[in-house]
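Predicted model only: the values in this text are computed from it and were never measured.
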Amino acid sequence: MLSMPLTHAVFHILLSLGDGPKHGYAIMGEVEERTDGALRLGPGTLYGALRRLRGQGLIEEVEDPRVPQSPDDERRRYYRLTGVGRAVATAEASRLQQLVEVARRKRLLGLGDGT
Amino acid sequence: MSDRRRSGPGSSARRGRPGPPAGRTRGPIGTGIYSALLRLYPTSFREELSAEMLVVFRCLRTEPRYGGAAGSVRLWWRILGDLVPSAARAWFDCFRAARTARRAADPYPPPYGEAVLAGGVVWLLYVATLAPSIGFWDSGEYVTVAHVLGIPHPPGSALFVILARAWEVALSPLGLPVAVVVNLFGATSSAAAHAFWFLVADRVLAGAGGDRSLRRAGAWAAVILSATAFTVWSQSNLNEKVYAISFITVALGSWLVVRWPDGGYDPRRLLLIGYLLVLSTTNHLMGVLAAPAIVVFVLMTRPRALVSPRLWAGAVPLAAIALSAHLFLPIRAELDPLVLEGAPACESMGAAVASVYTLGAGGCEALSAVLTREQYGKPSLLADPTNPSLPRSPALFASQLLNYLQYFDWQWARSISGHDPVLGGARPLVTLVMILLGFVGFRRAWRHDRALAAYLVVLFATLSLGLVVYLNFRYGWSIGWDRFPLVEQHEVRERDYFFFIGFSLWGVLAGIGLALGRERLAGWISKRKPLASTSPPSPVPERGPRLLTLPVLGLALIPLALNGPWASRSDDWTARDWAYNVLMSVEPYGILVTNGDNDSFPLWYLQKVERLREDVTVVLTPYLNTGWYPRQIRDLTRPCPPGVAAADDPTRIICQRPLDPQRFPARLVAAGILDDVRPPEDSILPLGDDEIERIASAVFVSRDDLRLQAGRIDTIIPAGTTILPQDSFITAILRANVGRRPIHFMPSSILDKLGLTPHAVRQGLTYRLEEAPWEDAGDAIVPLAPEFAAALGTWIDLPRTDTLLEEVYLRRGRVTDPNAPWADPANVTIPMHYVYAHWAAAQAWGMKGDEWRAARHVDRAEMWRRVVE
């Protein structure tokens, strides 16, 4: 069962998949980079979340797009957003955007100067 | 962004590298460790994702920031910090998914949460009315054996002792009194049983086509009507017996068996049920009474399951494991615990095992005697228990049935007609309603599920009629005295507790019936307003009529109100205070000869649990007719050898327990009770084992007058008197101790039998034996009027009795409330002991001309007499 709003980790995972399929290690890296290391997913947490998201129909597995370089080259699991997953991520992003707008109006955030 | 972060996994991904350099690792050991740690995840998780996780792990290890020793530490810190919570979450997801799958496949998903809530509500009721200490009869014995890991009366109830002791240890951080802890054990077991009844009632209604509302209403009504039935309630808020474990066995067994078809007739469930039943026999045979109903249910649903070789291949070793709990008895008996009834020690472990696995038919004689309850000498089912040479007549059986009906009638309206014991006042009307409701509940089950209905009817029949036939009681304590005036023709107490699981089951059926009745009423109201709706009639009543008829379910609360004052044990200190008062009546290092449960077991509790007046030796007269008990009191009173103290292990028989002067009432100390007190130098019974065995087996009728000489006591026991072992042992105790240890008797016919009445001086609730009381007659020792001697005694130590009655004895709680009922008619003798003591004091003061003191004692006697009115 999907509960809204999404958890911090789940939203970041969906965001990572927003621009195309990725494997777990790439997701982990992008989340870490985007959050300046504030959110550092471990393998168990990451794959647990991916498993749940797949069960909820928000993401799906796709074939490893790489061309095998050798017979013993390990195949990887790649994940991408489903239509539902994209809609959920969009809804969550909109919700956060509205919150940010409110924060701006109340002068809790700078007006685009990044402060 | 720091260089460290730039060297992380994001950087390679951003640069478009399609994946990590698989297989590039710094070494296989770390990967092997991580691979092993992945076993912490559920199998399905591991099978799906462990390869991916290992790849990620290897990738992480290749990152420069995790290089070197410090980097390795950082990596493992990250990995382990992730492992524990994510594995826990994976297991949680796994269980939830399994549960969801099970529920989806389950035709009748059980309301476990509500069942726990129902059990919790029942538990709160029992805790609110919980006894603050021990009660009469076996309560003190069971609290004591739980505390000292002792062995209670046959069949030894090994499972109870083990569980109750473990419970006591588990709750010890709460600092509650031991009696409360053991009472809580009973209350919790009983409440848990009601949680299972909730599930059973819900399942019965679900199988009968009830919707959610009807099922829940029925289950709640069932639990309330069961839990507040008089005997169920009063057995649950005081651990007087070991039946709470039997109760939970029957309720849990019922739940497991009625759910058996829902789970696809899994044979493992039958094994579990069988294991529970056999395990329960190591507590008491009561729990096994569910077996006939279970067999009938299985025969009606999946009979071939009973002839499956695989079932029996599993059942036999499981039964052997379950029965092994009995082995606690011989093992603990070897260590001489303070309570060691039947002394089931064995010559070898092999003999003990043979005894356990032949169910007492062979092996160790002492253990078999305990397991088969040999000491009770139960008469044949075909014999008249009041005279085993006569057959069990139809008239006697009718009386036994009436006795059962009397107890059934007590269940849901005990306070109506108060002390009227048999079908009094308006009580039978409430009982009739309950009988009708029970039949309504049963009829619904019968129409929809014959096997389930057959289970319920066989279970109830076993727990009611079956028990009446099997127990073959003498005439009930409160019935038939006009036709059967001898005490020996009657049971020594009310026996309603034997039937309490059956009463509970009937409450469940009545609760189901009540919910069905309310449903019928709501349906009738729905049909009465056809113009209100154009839709076709619904198979279930509308919401409005259901709400309207909700108060009907409130009828289930009637027993709560009508039984409450009788079943509640809160503020009942009577037994504990009785024990205190009796023990304080005895001189230091005195011997106190008692008669039975009520003047012995509460004293055991006070001495062996609260460690009060351990110096007094309680001699329980009927137990002197065994070989083991005289040996125990001999060993318990022998002087301690140098370097040995009884306190070395307060749970075992070691040697004479010391007197603790700190725990004497100041008033008695001021009266000089501790002056010139010295520890005894000999055991109270200086006999060898062989001599004890010889006396214990000798019953004879004296052909000539027998002379009993002990110190200056010189009495005659007339020819033709039947001399039991208890008489011989008491005689031996008198000979060894008169003039050495103070000797007290609880009022009893044995004083007359041994010609001791002229030497008995009333001292509070007890009689103190004096060699020549007439020599001291005067200020202290006062003669009493001969016409009342049978009740009051021949002499009274007036100053001591006055001090005890007025300044030492405790009288707290319910007995000070004139409106509180005395719920057990069979032990009204307890308050009467106080009445007699006050009357004796009143008479003595009257004879001395002190009318004011005499009147005060008469008033006090009257207060006690009103307790049992």
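For the options A:Gly42, A:Gly24, A:Ala49, A:Pro43, heavy-atom pairs under 4.5 Å to chain B are most numerous at A:Pro43.
Summarising the geometry, atom CG belonging to B:Leu38 is positioned 11.5 Å from atom OH belonging to A:Tyr47; distances are rounded to the nearest 0.5 Å. Atom CD of B:Glu52 sits about 5.5 Å away from atom OH of A:Tyr79, to the nearest 0.5 Å.
For a heavy-atom cut-off of 4.5 Å, chain A lies close to B:Asp82, B:Ser86, B:Arg89, B:Asp93 in residues 81-93 of chain B.
For residues 80-91 of chain A, every residue pair satisfying the salt bridge (charged side-chain N to carboxylate O under 4.0 Å, His left out) rule, not counting sequence neighbours, is listed here: A:Glu60-A:Arg80. Screening residues 30-48 of chain B for salt bridge (charged side-chain N to carboxylate O under 4.0 Å, His left out), with sequence neighbours left out, gives A:Arg51-B:Glu48, A:Arg54-B:Glu48. Applying the side-chain hydrogen bond (donor to acceptor under 3.5 Å, both in side chains) rule to pairs touching residues 105-123 of chain B yields B:Asp106-B:Arg259, B:Glu114-B:Arg216, B:Glu114-B:Trp220, B:Trp123-B:Thr188, sequence neighbours excluded.
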message: Using side-chain contact (heavy atoms from CB on, under 4.5 Å), reason through A:Leu46 and B:Met53 one step at a time and then give a plain yes or no.
response: CA-CA 9 Å; A:Leu46 173 73; B:Met53 291 166 74; over 6 Å; no
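In the displayed structure, B:Arg103 atom CZ is contacted under 6.0 Å by more than 12 heavy atoms of other residues, nucleotides or ligands.
With a threshold of 4.5 angstrom between heavy atoms, B:Ser44 approaches chain A through its backbone and through its side chain. Contact annotation for A:Leu50: neither backbone nor side-chain heavy atoms come within less than 4.5 Å of a heavy atom of chain B.
A:Gly48 and B:Phe45 get closest at one heavy-atom pair: CA-CE1, 3.7 Å.
For the pair A:Arg77/B:Leu49, a side-chain contact is recorded, criterion being any heavy-atom separation below 4.5 Å from C-beta on.
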